[in-house]
Amino acid sequence: MSKRYAVPLLALAMAACSSGADKTAASAEDLDHADQVAKEAAAQLQKNEAELKKTMREMLAALGKSCDRVKEFEQVSDTRLKITCSYDGDVLHYVVDKTTNTVEEQ
């Protein structure tokens with residue numbers, strides 16, 4: 001390498017090293033922000049899930065199905081949703097089929 005390129009390359013390397021330190025500091029701030037956003041998103045998901053379970057319980061009650069509390073739910077296909085409820089200490093399973101607009105107890 002000729003001497004004429006050595007100085008500009010050295011200056012470029014020094015600039016890259018010093019800007020790397022700034023990027024590391026910014027990355028720590030970005031990680032803190034990302035962590036906060038993730039915590040807020042997790043809290044919102046829990047809130048949404050609770051609201052969804054409440055709506056499912058109300059829907060089942062409107063259809064005359066027994067359900068004190070929705071324990072869990074799972075989409076088993078594009079058109080079918082399995083809902084697990086507790087009712088008077090028993091566990092009940094319902095399958096909602098949106099194609100036929102039916103709710104089956106299993």
Side-chain angles (χ1 to χ4, degrees):
M1 177 184 326
S2 71
K3 290 182 181 181
R4 149 176 142 190
Y5 294 113
V7 173
L9 285 177
L10 179 60
L12 182 62
M14 290 173 63
C17 288
S18 66
S19 67
D22 294 341
K23 288 180 183 177
T24 303
S27 293
E29 291 172 9
D30 290 343
L31 287 175
D32 289 342
H33 177 70
D35 186 48
Q36 181 62 31
V37 169
K39 286 177 183 177
E40 291 170 5
Q44 185 64 44
L45 282 173
Q46 286 180 337
K47 181 180 174 185
N48 291 352
E49 183 176 337
E51 186 66 30
L52 184 58
K53 285 180 176 181
K54 177 183 172 192
T55 302
M56 287 179 188
R57 184 180 54 77
E58 291 170 352
M59 175 204 61
L60 290 169
L63 295 171
K65 303 296 182 183
S66 303
C67 183
D68 289 335
R69 183 175 70 91
V70 173
K71 295 176 77 169
E72 60 185 33
F73 56 92
E74 173 187 7
Q75 185 171 351
V76 291
S77 73
D78 288 342
T79 60
R80 295 170 64 87
L81 178 71
K82 181 179 179 181
I83 303 172
T84 303
C85 292
S86 61
Y87 180 73
D88 284 342
D90 294 329
V91 176
L92 304 172
H93 302 281
Y94 296 105
V95 175
V96 179
D97 189 325
K98 76 176 187 179
T99 304
T100 60
N101 291 326
T102 58
V103 178
E104 302 169 3
E105 186 174 344
Q106 295 190 334

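Put simply, OG1 on Thr79 and CG on Asn101 are 10.5 Å apart, with the number rounded to the nearest 0.5 Å. The SG atom of Cys67 sits 7.0 Å away from atom CZ of Arg57, with the distance rounded to the nearest 0.5 Å. Put simply, NE2 on His93 and CD on Glu72 are 8.0 Å apart, with the number rounded to the nearest 0.5 Å. Distance check, rounded to the nearest 0.5 Å: NZ of Lys65 to CD of Glu104 gives 9.0 Å. Glu40 contributes atom CD, which lies 10.0 Å from atom CG of Asp35 (distance to the nearest 0.5 angstrom).
Contact between Ser66 and Tyr94 at its shortest, heavy atoms only, is O-OH, 2.7 Å.
A side-chain N or O of Gln44 and one of Asn48 form a donor-acceptor pair less than 3.5 Å apart.
Looking only at side-chain heavy atoms (C-beta outward), Met59 and Val96 come within less than 4.5 Å of each other. At least one side-chain heavy atom of Leu81 sits less than 4.5 Å from a side-chain heavy atom of Met56. Using a 4.5 Å heavy-atom cutoff, the side chains of Glu105 and Leu92 are in contact.
Note: the hydrophobic cluster containing Phe73 does not contain Val95 (ILVMFWY, side chain heavy atoms under 4.5 Å, direct or indirect links). Both Val70 and Tyr87 are part of a single hydrophobic cluster, where members link through side-chain heavy atoms under 4.5 Å apart. Note on Leu63: it clusters hydrophobically with Ile83, by side-chain heavy-atom contacts below 4.5 Å among ILVMFWY residues.
Checking side-chain atoms of Lys53 against main-chain N and O of Lys71 turns up a donor-acceptor pair under 3.5 Å.
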